[in-house]
Amino acid sequence: MNKPPISPPTSGSLSPRQRDNRLAALDQYLAPHGRLTRLMYRATRVRAPWFKRWQINWFIRRYGVDMSIAAQPDLEAYPDFNTFFTRALRPEARPLPADPNAIICPVDGAVSQAGAITKDRLYQAKGHDYTLQTLLGGAEHAASFEDGVFATLYLSPKDYHRVHLPLAGQLREMTYVPGQLFSVSPRTVETIPGLFARNERLVMIFDTACGPLALIMVGAMFVAGMETVWSGLVSVDHRDKPRHWEYSKRTVPLRYARGEEIGRFNMGSTVILLFPAGGAELAPTIRTGAPVRMGQHFASLIANPPPSGD
């Protein structure tokens with residue numbers, strides 16, 4: 001599969017804000033995404049004590065990082081910036097709801113968009129949508145989520161960057177879909193058509209009590225690697241071909257509890273959740289722009305969910 005061509009934004013009838021956003025996002029079409037991201041990968045793993053101290057202290061000051069909730073608050077214990085960036089939190093910092101039917105938020109961040117999937121289309125921003133097939137990297141699972149529910153969650157640099165499973169499930173399969181590395185900042189999301197279906201991404205399908213659940217980790221510029229607990233780093237040079245892993249026939253299934261860590265971003269990005277029609281109902285608080293924390297009540301299981309499987 002070849003990467004889709006980069007097409008610059010076209011002119012048209014735009015609001016002043018849209019015009020400003022398009023002008024500001026032009027650098028996204030010109031920047032050497034892969035080269036800059038590979039450079040970030042190396043820079044965040046430098047172990048020279050003076051350099052990693054400077055990186056970590058600058059970042060804490062710049063983004064107001066609260067180290068009191070970190071499992072390891074001692075900055076000297078982190079061998080490099082990336083280890084600090086992907087730090088674990090204290091278990092009590094993100095308690096899970098007592099309700100067993102509560103589906104939890106998988107990450108810290110903010111809701112970019114959330115709501116109903118219209119047949120096979122997901123809303124990205126005003127004037128932009130994209131299809132399930134393009135997002136998932138093929139037609140095989142698209143029908144499972146038609147007329148279902150989705151949520152797009154943006155992780156800013158200051159956020160906790162580990163990803164947790166929203167409800168208990170068994171990993172069925174995982175697909176790495178190569179693509180571009182556009183920034184996923186709100187400005188570029190409003191500007192670049194089909195951004196989430198054009199960027200590099202990791203598509204995971206779980207069998208759960210609500211039916212099949214898709215959790216998609218979306219790469220971006222400076223996101224120097226996505227990794228899972230079962231496979232480690234998936235792509236480092238961002239020039240890999242599509243890859244697929246089948247887990248459903250393993251002798252020992254890969255089952256994970258609600259709230260269990262399943263992966264992490266090495267620098268910030270976006271997670272997209274897909275639920276099948278009749279499987280889950282989003283909580284009233286899950287609306288565009290709302291801040292979210294891992295572990296909060298995100299959605300609820302519907303009494304009679306569809307069967308898990310395609």
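These numbers come from a predicted model, not from an experiment. Values below: every heavy atom of this structure, side chains too, minus hydrogens, waters and symmetry copies.
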### Task
With the side chain counted from C-beta on, respond yes when His161 and Asn82 share a heavy-atom pair under 4.5 Å apart, and no when they do not.
no
### Message
If only side-chain N and O atoms count, and only distance matters, is there a donor-acceptor pair under 3.5 Å linking Arg198 with Gln180?
### Response
no
### Non-hydrogen side-chain atoms of Tyr130 and Asp120 separated by less than 4.5 Å
no
### Summary
Of all heavy-atom pairs linking Thr208 and Gly169, the shortest is CG2-CA, 4.0 Å
### Query
Just how far is it from atom CG of Leu202 to atom CD1 of Ile216, taken to the nearest 0.5 Å?
9.5 Å
### Task
Any chance you could measure Asp147, atom CG, to Thr118, atom OG1, to the nearest 0.5 Å?
7.5 Å
### Message
Set out, in order, the CA-CA distance, both residues' side-chain angles and the distance that settles side chain to side chain contact (heavy atoms under 4.5 Å, CB included) for Phe59 and Phe84, then state yes or no.
### Response
CA-CA 10 Å; Phe59 192 88; Phe84 156 78; 3.7 Å; yes
### Message
With clusters defined by side-chain heavy atoms of hydrophobic residues (ILVMFWY) lying less than 4.5 Å apart, directly or transitively, does Val163 cluster with Leu96?
### Response
no
#### Entry: Any donor-acceptor N/O pair, Asn57 side chain to Trp54 backbone, under 3.5 Å
no
### Message
Using the rule given for side chain to side chain contact (heavy atoms under 4.5 Å, CB included), can you reason through Val65 versus Met67, listing the C-alpha separation, both sets of side-chain angles and the distance that settles it, and then say yes or no?
### Response
CA-CA 6 Å; Val65 177; Met67 291 301 294; 3.9 Å; yes
### Donor-acceptor pair, side chain of Asn199 and main chain of Gly179, under 3.5 angstrom
no
### Message
Using side-chain heavy atoms (C-beta onward) and a distance below 4.5 Å, is Leu136 in contact with Leu274?
### Response
yes
### Task
For residues Val271 and Val218, determine if any side-chain heavy atom of one lies less than 4.5 Å from a side-chain heavy atom of the other.
no
### Task
Test His141 against Gln133 for side-chain hydrogen bond (donor to acceptor under 3.5 Å, both in side chains), laying out the working first.
CA-CA 8 Å; His141 299 297; Gln133 182 172 334; over 6 Å; no
### Query
Does a side-chain heavy-atom distance below 4.5 Å link Leu195 with Val184?
yes
### Message
Looking only at side-chain N and O atoms, does Thr188 offer a donor or acceptor that is under 3.5 Å from a partner on Glu190?
### Response
no
### Minimal non-hydrogen separation, Val292 against Ala110, with atom names
CG2-N, 3.9 Å
### Query
When rounded to the nearest 0.5 angstrom, what is the spacing between CD1 in Ile272 and CE in Met217?
12.0 Å
### Message
So which atom in Phe145 and which in Ile117 form the shortest heavy-atom distance, rounded to 0.1 Å?
### Response
O-CD1, 3.3 Å
### Message
Assess the residue pair Gln124 and Val189 against the criterion (side chain to side chain contact (heavy atoms under 4.5 Å, CB included)); give the C-alpha distance rounded to whole Å, side-chain angles, the decisive distance to 0.1 Å, and a yes or no.
### Response
CA-CA 7 Å; Gln124 175 179 308; Val189 168; 3.8 Å; yes
### Query
Between Tyr247 and Trp230, how do the two ring planes meet: parallel, tilted or perpendicular, split at 30° and 60°?
perpendicular
### Message
Using side-chain heavy atoms (C-beta onward) and a distance below 4.5 Å, is Phe206 in contact with Gln170?
### Response
no
### Under 3.5 Å donor-acceptor, Gln72 side chain and Asp74 backbone
yes
### Side chain Lys52, main chain Tyr78, donor-acceptor under 3.5 Å
yes
### Query
Is Arg94 salt-bridged to Asp108, going by a charged N under 4.0 Å from an acidic O?
yes
### Task
Before accepting this row, confirm whether a basic side-chain N of the pair Arg172/Asp207 lies closer than 4.0 Å to the acidic partner's carboxylate O.
yes
### Message
Test of understanding: clusters of I, L, V, M, F, W, Y form through side-chain heavy atoms closer than 4.5 Å, transitively. Do Ile262 and Leu155 belong to the same one?
### Response
yes
#### Entry: Residue pairs fulfilling salt bridge (charged side-chain N to carboxylate O under 4.0 Å, His left out) with at least one residue in residues 82-91, sequence neighbours excluded
Arg90-Glu92
### Task
May I ask you to test the Pro106-Leu153 pair for a side-chain heavy-atom distance under 4.5 Å?
yes
### Task
Measure from the side-chain N and O atoms of His164 to the backbone N and O of Pro166, and report whether any donor-acceptor pair falls under 3.5 Å.
no
### Task
Quick one: list whatever passes salt bridge (Lys or Arg N to Asp or Glu O under 4.0 Å) with Arg264, sequence neighbours left out.
Glu261
#### Entry: Criterion side chain to side chain contact (heavy atoms under 4.5 Å, CB included) on Thr270 and Phe196, from CA distance to verdict
CA-CA 9 Å; Thr270 292; Phe196 299 122; 3.8 Å; yes
### Query
Got a sec, which pairs hit side-chain hydrogen bond (donor to acceptor under 3.5 Å, both in side chains) with one end in residues 275-294, sequence neighbours left out?
Gln113-Thr288
### Query
Linking I/L/V/M/F/W/Y whenever their side-chain heavy atoms sit closer than 4.5 Å, directly or via other members, would Tyr160 and Ile56 fall into one cluster?
no
### Query
Any sub-3.5 Å donor-acceptor pair from Arg258's side-chain atoms to Ala102's backbone N or O?
yes
### Query
Should Phe265 and Val229 be regarded as members of a common hydrophobic cluster, given that ILVMFWY residues are connected when their side-chain heavy atoms come within less than 4.5 Å of each other, either directly or indirectly?
yes
#### Entry: Thr175: which of Arg243, His244, Glu140 passes side chain to side chain donor-acceptor pair (under 3.5 Å)
His244
### Task
For residues Leu132 and Lys119, report the shortest heavy-atom separation together with the two atoms involved.
CD1-O, 4.2 Å
### Message
So Trp245 and Thr228, do their side chains get closer than 4.5 Å, heavy atoms only?
### Response
no
### Message
With clusters defined by side-chain heavy atoms of hydrophobic residues (ILVMFWY) lying less than 4.5 Å apart, directly or transitively, does Tyr63 cluster with Phe85?
### Response
yes
### Query
So which heavy atom on Pro97 is nearest to which on Gly295, and how close?
CD-O, 3.0 Å
### Query
Atom OG in Ser269, atom CD in Glu200: separation rounded to 0.5 Å?
9.0 Å
## Note on the structure
Here the pair of heavy atoms bringing Leu165 nearest to Ala257 is CB-O, 3.9 Å
### Message
Taking Arg121 first and then Asp129, would you say they form a salt bridge - that is, a charged N and a carboxylate O separated by under 4.0 Å?
### Response
yes
#### Entry: Stepwise salt bridge (charged side-chain N to carboxylate O under 4.0 Å, His left out) check, Arg47 with Asp80
CA-CA 5 Å; Arg47 296 200 167 194; Asp80 55 36; 3.4 Å; yes
### Summary
So OH of Tyr176 and CZ of Arg201: to nearest 0.5 Å the spacing works out to 10.0 Å
### Task
Could you grab the distance from atom CG of Leu215 to atom CD1 of Ile205, nearest 0.5 Å is fine?
9.5 Å
